[in-house]
Amino acid sequence: DTGVSQNPRHKITKRGQNVTFRCDPISEHNRLYWYRQTLGQGPEFLTYFQNEAQLEKSRLLSDRFSAERPKGSFSTLEIQRTEQGDSAMYLCATVRGGSSYEQYFGPGTRLTVT
Amino acid sequence: QKEVEQNSGPLSVPEGAIASLNCTYSDRGSQSFFWYRQYSGKSPELIMSIYSNGDKEDGRFTAQLNKASQYVSLLIRDSQPSDSATYLCAVSNSGGYQKVTFGTGTKLQVIP
């Protein structure tokens with residue numbers, strides 16, 4: 001257990017519905033990353049935060065995806081109008097900050113869109 | 001060209017043997033390199049970090065880095081069935097972006 005938690009662990013939704021995932025980081029970690037991982041692939045970068053500021057969002061990410069990190073604590077990732085292609089594991093990882101790149105992952109949220 | 005390349009495997013080794021996992025990367029400015037272990041259905045777990053050319057040892061694991069050749073490897077000595085997992089190579093991005101790029105992973109199978 002890295003100390004990073006994610007909820008829910010599993011989500012099954014129907015196409016067209018909106019879903020929201022939550023990530024609670026290790027308390028002293030100020031950088032937070034969201035990734036998406038499909039079978040046989042490595043984690044694919046979605047977006048990241050330095051404290052409450054969203055510093056980068058993947059160009060591959062459609063406008064249906066949005067993320068927030070109010071007050072630099074927990075973060076949420078929302079997917080609107082879900083599509084079957086959104087089915088994947090959504091991973092959150094946190095970093096202490098400074099010059100460190102060592103990322104510690106939460107357990108992930110597995111999304112299935114039917 | 002993929003930014004981080006790994007052989008997808010599976011790599012099969014007998015129990016007690018040395019497993020050798022390889023990774024090449026394209027960003028010459030990368031300075032930080034990581035190996036993650038990922039069991040099926042679980043999230044990645046950081047097992048090794050390496051920043052300088054040469055070898056870094058931690059228990060049964062040795063990471064090797066050659067920046068001139070843009071090559072990083074992971075050796076697992078005395079492989080155990082519990083080492084059976086997918087091993088992900090991750091490389092930091094240069095250019096001021098605080099990100100890493102992951103390879104697709106190599107699946108390792110340790111045969112008892």
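Just so it is clear, the values below take in all heavy atoms, side chains as well, and ignore hydrogens, waters and symmetry mates. Here is how names work: the chains are called A, B, and so on, in the same order as the sequence lines, proteins then strands, and each is numbered from 1.
Aromatic ring centres of B:F102 and A:Y35 lie closer together than 6.0 Å.
In this structure, B:Y87 is a member of the same hydrophobic cluster as B:L11, with clusters built from ILVMFWY side-chain heavy atoms closer than 4.5 Å. Residues B:L65 and B:I47 share a single hydrophobic cluster, defined by chaining ILVMFWY side chains whose heavy atoms lie under 4.5 Å apart. B:L75 and B:V13 are members of different hydrophobic clusters when ILVMFWY side chains are connected at heavy-atom separations under 4.5 Å. Hydrophobic clustering, with ILVMFWY side chains joined whenever heavy atoms are under 4.5 angstrom apart, keeps A:F74 apart from A:I79. Placement of A:L55 and A:F45 within a single hydrophobic cluster is found when ILVMFWY residues are connected by side-chain heavy-atom separations under 4.5 Å, directly or transitively.
Nearest heavy atom pair, residue A:E102 against residue B:Y36, reads C-OH, 4.3 Å. Closest non-hydrogen pair, A:Y48 versus B:K99, comes out as CE2-CG, 4.1 Å. Here the closest heavy-atom approach between residue B:L88 and residue A:G42 is recorded as CD2-CA, 4.1 Å.
Neither the backbone nor the side chain of A:Q6 comes within less than 4.5 Å of any heavy atom of chain B. Of the atoms belonging to B:Q38, it is side-chain heavy atoms, and not backbone ones, that fall under 4.5 Å from chain A. The contact between A:Q50 and chain B is made entirely by side chain atoms (from C-beta outward), counting heavy-atom distances below 4.5 Å. With a 4.5 angstrom heavy-atom cutoff, A:L39 does not touch chain B via any of its atoms.
Counting heavy atoms from C-beta outward, B:L46 and A:Y104 have side chains that approach closer than 4.5 Å. For the pair B:V100/A:Q103, a side-chain contact is recorded, criterion being any heavy-atom separation below 4.5 Å from C-beta on. A 4.5 Å side-chain heavy-atom check between B:Q98 and A:Y33 finds at least one atom pair inside the cut-off.
Note that the OG1 atom of B:T86 and the CD atom of A:Q41 stand 11.5 Å from one another [nearest 0.5 Å].
Crowding of A:K11 atom NZ: a count of heavy atoms from other residues, nucleotides or ligands under 6.0 Å not exceeding 12. Within a 6.0 Å radius of CD1 in A:I12, no more than 12 heavy atoms belonging to other residues, nucleotides or ligands are found. Within a 6.0 Å radius of CD in A:E78, more than 12 heavy atoms belonging to other residues, nucleotides or ligands are found. Atom CZ of A:R15 is surrounded by 12 or fewer heavy atoms from other residues, nucleotides or ligands within 6.0 Å.
In this structure, B:S43 contributes its side chain and A:G106 its backbone to a donor-acceptor pair below 3.5 Å.
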